[in-house]
Amino acid sequence: SNYLGAFAVLVFAVVSAAAQLLRRERHPGHIAAAVVLGFALLTAVVMPNLDTIGQRSAEERGAVASILNEGLQDAPVASVTVRLRLWQFALERFPQAPLLGHGFGDLSQVIDTGLRPQGGLNAHERYDHLHNSYLQLLWSQGVTGFALWGLLVCLLALGAARAARAEPARQALMPAMWATLIFIAVWAAFDFRQSHPDMRFFTILVLLSMRLLAMPGRAPAGAKVAA
């Protein structure tokens, strides 16, 4: 999921750079340097782990082939099959509390009671979340909480974009904000464990940063305010 998020950010950067070149908002040399730097950073992260990525990819492809041929119930335990079983479990029980959800907290006891007896999970691994923040929101807070969280993020992002149009200094920070949101959006589809304190802190930090971007700047000392 981390590599998928990084790849999505890289695609966003390339598309954004191409759009800016078409509008002549950036010098081609600056765009080329940024793209080269992005590829270099991604390569520096991927190359030392290439063997591990290849091995994991082969295992997951084998698991997907088993799902297609034998069905999820008989597929071996793997990262993809565990996630699919967790997602299926949550979707099957979502109609029990669609509006307000099942409440906060981890899902360890729920999963151990309702899903683990069916098999298909790692025997010694504790599952306290669904490996999907979107389903986790729907499970814990229902459609109401999901809609409110979505509205909050949209309002903060729109507020930051509006402020950036008025202040060029903030405009320079917008690519970082959009790249962070894109990475989180991809990461949240497979992990981003809101049940863990460090991820809750990270979420609060991102939301506060977006709010700070949207706040009006202070006038310089001694500057006259227009009537």
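When every heavy atom of Leu115 is checked against every heavy atom of Arg85, the shortest pair comes out as CD2-O, 3.9 Å. Summarising the geometry of Met177 relative to Leu213, their closest heavy-atom pair is SD-CD1, 4.0 Å, with the distance given to 0.1 Å. Of all heavy-atom pairs between Ala179 and Val9, the closest is O-CG2, 3.4 Å. Counting all heavy atoms, side chain and backbone alike, Ala185 lies closest to Tyr134 at O-OH, 2.7 Å. Closest heavy-atom contact between Gly159 and Ala214: C-CB, 3.4 Å. Of all heavy-atom pairs between Gly120 and Val82, the closest is O-CG2, 3.8 Å.
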Tabulate below the donor-acceptor pairs under 3.5 Å that side-chain atoms of residues 88-100 make, not counting sequence neighbours, or state none.
none

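Ring-plane geometry between Trp87 and Phe190 is classed as tilted, the angle between the planes lying from 30 to 60 degrees on a 0 to 90 degree scale. Aromatic ring orientation, His131 versus Tyr127: perpendicular (interplanar angle above 60°, classes split at 30° and 60°).
If you take CD1 on Ile204 and OG on Ser209, they are separated by 11.5 Å, rounding to the nearest 0.5 Å. To the nearest 0.5 angstrom, Leu84 atom CG is 9.5 Å from Ser79 atom OG. To the nearest 0.5 Å, atom CG of residue Asn132 and atom CG of residue Leu86 are 10.0 Å apart. Of the inter-residue distances, the one linking Leu152 atom CG with Met210 atom CE reads 8.0 Å to the nearest 0.5 angstrom. Taken from OG1 in Thr81 to CG in Leu121, the straight-line distance is 8.5 Å, to the nearest 0.5 Å. The structure places CG of Asn122 at 8.5 Å from CZ of Arg116, a figure rounded to the nearest 0.5 Å.
If you chain together ILVMFWY residues whose side-chain heavy atoms come under 4.5 Å of each other, Leu148 ends up in a group of its own.
Follow the hydrophobic side-chain contacts under 4.5 Å out from Leu207 and you reach Trp187 in the same cluster. Put simply, Phe202 and Trp149 are part of the same group of oily side chains (I, L, V, M, F, W, Y) that touch within less than 4.5 Å, one to the next. Using a 4.5 Å cut-off between side-chain heavy atoms of Ile, Leu, Val, Met, Phe, Trp and Tyr, with links allowed through other members, Phe201 and Leu137 fall into different hydrophobic clusters.
For the pair Ile111 and Arg126, the minimum side-chain heavy-atom distance is 4.5 Å or more. Under the 4.5 Å side-chain criterion, counting only non-hydrogen atoms from C-beta, Gln136 is in contact with Leu107.
Only one option out of Leu155, Leu156, Val206 pairs with Arg211 in a side-chain contact (heavy atoms from CB on, under 4.5 Å); it is Leu156. For the side-chain hydrogen bond (donor to acceptor under 3.5 Å, both in side chains) criterion with Glu167, the lone passing option out of Arg170, Gln171, Arg165 is Arg170.
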